[in-house]
Amino acid sequence: MENLTEKRLKELFGIEFKRYPKKIQNGLEDVELNHNRSWIVDLYEKNKNNLDTVALFYRGTKITYRELFKQVEVFASALSQKGVKKGSEVPMCMSPCPEFIYTIMAVNLLGAKINCFGAFDKDYVTEIINGCDMNFIICTDDQYENIRESINNSKVNEIVMYSLTDSLINGQDPYIEIDEQFYDFINKVDIYRSEQQNLKVSSKLDLLNLANPNPKKITEYDKGNIDDEFLITYSSGSTNHKRPKAIVHRNRSLVTIGRFQDPDLSGLPEMKGLVGEMIIPTHSNTSIISSMSDVLYKGCTVALEPIYNPDFLIYSLAINKPNYISISRNMIVNLCKQIYSNEKFKNFKMPYMMMLTSVGEPTSIGEEKFINKMMRKAKCGTGKLPFPLSPVPLSIGGGDCERGGMFFTPYRSLQDLNPKYKLNKGRCGLKVYGMVQLAVLDQQGNELPKGQIGRLVAKTPTTMKEYKDNEEATANFYIRDAKGELWSDCNVYAVIEKYGTLEVLERVGKEIILEDGSKLPLFYIGKEVEKDTKHILSYEVVNVDNEIIIHLEFQPGRKNNIEKILIGIKERIFKKYGIEAVDKIKGFRIHSFEEGFPYNSSGKRSYQALLEEGVSEKCFDVTYQPDKNYKKSYPALIPVEKEKIFVKR
């Protein structure tokens, strides 16, 4: 007979509870029975005996858990006076700062939803605001200029505007000499108030003046339900950076992953006393869950960083001194370039950095090689961890905005030394969190054995509820396998390796079509490109009208015979996939060390920008004469895909 947990997880996520090991079953039953409440109430219960620990660090300001929860109570009282109640949806566009955390916690305490969006397409932002049911919007003064026009065209009649200086000691930035080249940290609320002709502009002080002098305690509120809708964030923009999809998460997503951070389920030691940095934009689920919520569940400190600029990251690390941070590989590569080539940073050290984690996109072998070299130079982790664990190498995280964190491999290059990988000339892939169920399917929906490439599908209790106001996208998010079992579709090619770790290869749809109608996924080409780690730092293989442009950036400090390197790439591709694959290469595009690769709004590499560049005057080709006597039977490629069996929930 099904128990409550088994029944609930089956209904919501299609999860087969009995497939979990007993320890994971116990953890999920604990979530269902003892954590059935809102996220903020669960966080309070987790930290109610940890009140004097610093919860937030912001430009020299230290805020304890005691003060954090008091502020949440005041903000909740004030927002309730503005009409926020259970089921409300509050629009918000903010950079990471203490007021951001106070506000989303207060909204959650009231049983309402928070819609965290960014500076997207102007019309789209207006649609987002109008899709909420409040007559006001909340923003920070640094974000206001980006969305001013959208607000003016919306239905709201009031802007609640916090300043990035509101929580600074005496309103002054102690790091202004560093910060001012990126942001001036001047309180602009009164300036924007005087300029605004049509809408009321209220400051943080104006808002909090509405609060009851003796606000209700967190423990006096309805504790909420784990399956209440709470958080609306946005996809990373890899497929549509101007109008990313709105993703609705329940309390369950944050509460479950928070519980699975505990040592009895994660296998990791207690991490109290450490600092994690929150720098990724707040419209990203990764920012709110991984960089903020998970850190608070550990009873640690969140260092809030409102300046999101690749060239500022190195300053941010010096200011905040985080023990761990999750950031895109493009940002990490740029950080390492600064350490490598900028005279100003030649002595830059990070002895506090225990876990620098690349998330959101795969790193190439050449990038990991370069990053780890610079991490050794910067003495990462030497102040916290003993040799030989430190200097620490790069860690790899994975997942997506729809499902939250699913994979984590700490210190991958150290794990690569394990004989089971080393003797097989393999690598340690992504290690899967205990509550995640995975499968790799073939074109007919049959589950593939380990070692075979197919389409990745997943089940996890941290999965979103839906895409807001987008039934078609929500339906397309799910897929049934050949046995009729329901999965969420990760929409990527992947392989589960012999020892159970995962390698995510490429987004489905990034392929070229060959003459016989078969598909050649671009990652096959990329695998051959990146083998030359001696010369190649970064690469992207781009499909332009069914022809290939290979974008390359070389490792620094080497003399490169470019023609020889490019011919070597073509030869490896020829020997693996034949002359037709080579003939599909239209040309190469070399990116200088200074130029690097473009970013999208989430800080990840922008494939869209490379696609839009297309075949430009910056591209060129080299002549390659294959060995006519070379004979080989080529591996079977992926046939033209049959229609995927999508289902509506």
Side-chain angles (χ1 to χ4, degrees), residues 38-40 43 72 75 79 84 87-121 124-134 136-144 146-147 150-151 154 156 159-162 164 228-237 241-251 253-254 257 278-296 302 304-306 308 326 360 400-402 404 462 464-470 600-603:
S38 67
W39 167 66
I40 174 57
L43 262 180
V72 171
F75 273 71
L79 288 168
V84 179
S88 299
E89 184 175 329
V90 181
M92 184 167 75
C93 183
M94 293 183 65
S95 296
C97 60
E99 288 70 27
F100 170 78
I101 295 184
Y102 303 154
T103 301
I104 66 167
M105 288 183 170
V107 169
N108 186 237
L109 187 59
L110 294 168
K113 295 175 284 190
I114 196 82
N115 191 321
C116 299
F117 61 90
F120 309 138
D121 173 83
Y124 187 44
V125 170
T126 300
E127 290 173 25
I128 291 170
I129 297 170
N130 289 341
C132 299
D133 56 2
M134 307 308 297
F136 65 90
I137 179 177
I138 302 173
C139 67
T140 43
D141 53 358
D142 65 318
Q143 291 290 343
Y144 172 68
N146 298 324
I147 60 171
S150 302
I151 295 174
S154 75
V156 300
I159 305 164
V160 176
M161 189 182 300
Y162 306 135
L164 291 187
D228 287 343
E229 293 179 25
F230 159 46
L231 181 65
I232 301 170
T233 54
Y234 289 79
S235 55
S236 65
H241 64 285
K242 293 183 178 180
R243 300 177 72 88
K245 294 190 287 289
I247 300 166
V248 182
H249 275 278
R250 307 171 177 91
N251 284 309
S253 296
L254 290 81
I257 191 65
M278 181 182 183
I279 187 173
I280 297 172
T282 60
H283 64 262
S284 165
N285 187 52
T286 300
S287 177
I288 293 176
I289 295 185
S290 300
S291 300
M292 186 262 287
S293 178
D294 289 357
V295 178
L296 297 176
V302 178
L304 295 151
E305 180 52 71
Y308 192 60
S326 296
D400 52 37
C401 294
E402 288 83 354
T462 61
M464 69 171 192
K465 178 183 178 182
E466 62 188 1
Y467 292 115
K468 183 187 176 185
D469 299 331
N470 196 333
N600 66 15
S601 61
S602 67

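Here the options are V160, I138, D133, the test is side-chain contact (heavy atoms from CB on, under 4.5 Å), and the partner is V90; only I138 passes.
Between K468 and E229 there is no salt bridge, since no side-chain nitrogen of the basic residue lies less than 4.0 Å from a carboxylate oxygen of the acidic one.
Between the CG atom in D228 and the OG atom in S38 there is a gap of 8.0 Å [rounded to 0.5 Å]. Atom CE of M92 and atom CG of N115 lie 9.0 Å apart (nearest 0.5 Å). Separation of atoms OG (S293) and CE (M105) is listed at 7.5 Å; rounding is to 0.5 Å. Note that the CZ atom of R250 and the CD atom of E466 stand 8.5 Å from one another [nearest 0.5 Å]. For the atom pair OG of S284 and CD1 of I289, the computed distance is 9.0 Å after rounding to the nearest 0.5 Å. Separating the CD1 atom in I288 from the OG1 atom in T233 is a distance of 6.0 Å, to the nearest 0.5 Å.
The shortest distance between side-chain heavy atoms of D469 and E127 does not fall below 4.5 Å. Here the side chains of S95 and F100 are not in contact, with every heavy-atom distance at 4.5 Å or above. Here the side chains of T140 and P306 are not in contact, with every heavy-atom distance at 4.5 Å or above. For the pair Y162/Y102, no side-chain contact is recorded, criterion being any heavy-atom separation below 4.5 Å from C-beta on. L304 has its side chain within reach of M278: a pair of non-hydrogen atoms, C-beta onward, lies under 4.5 Å apart. Between I114 and N108 there is no side-chain heavy-atom pair separated by less than 4.5 Å. Within the 4.5 Å cutoff, the side chain of Y124 has heavy atoms near those of the P244 side chain. No side-chain heavy atom of I279 sits under 4.5 Å from any side-chain heavy atom of S291.
Taking all atoms of both residues into account, the shortest heavy-atom contact from S290 to V295 is O-CG2, 4.0 Å. Counting all heavy atoms, side chain and backbone alike, I137 lies closest to P91 at CG1-O, 3.6 Å. Looking at every heavy atom in both residues, Y234 comes nearest to I247 through C-CD1, 4.1 Å. The minimum heavy-atom distance between I147 and A119, with the atom names listed, is CG2-CA, 4.3 Å. The shortest heavy-atom contact between T282 and S287 is CA-OG, 3.9 Å. Contact detail for G603 and Y308: the closest heavy-atom pair is CA-OH, 3.3 Å.
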(message) Applying side-chain contact (heavy atoms from CB on, under 4.5 Å) to F117 and I129, what does each step give before you reach the verdict?
(response) CA-CA 9 Å; F117 61 90; I129 297 170; 4.0 Å; yes
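Between the side chain of N285 and the main chain of E402, no donor-acceptor pair closer than 3.5 Å is present. Listed for the H249 side chain is a donor-acceptor partner under 3.5 Å among the backbone atoms of C401. Under a 3.5 Å cut-off, the side chain of S154 and the backbone N or O of T126 do not form any donor-acceptor pair. Side chain of N251 to main chain of W39: a donor-acceptor pair is present (N/O by atom type, distance under 3.5 Å, no hydrogens or angles). Side chain of S253 to backbone of T462: a donor-acceptor contact under 3.5 angstrom is found.
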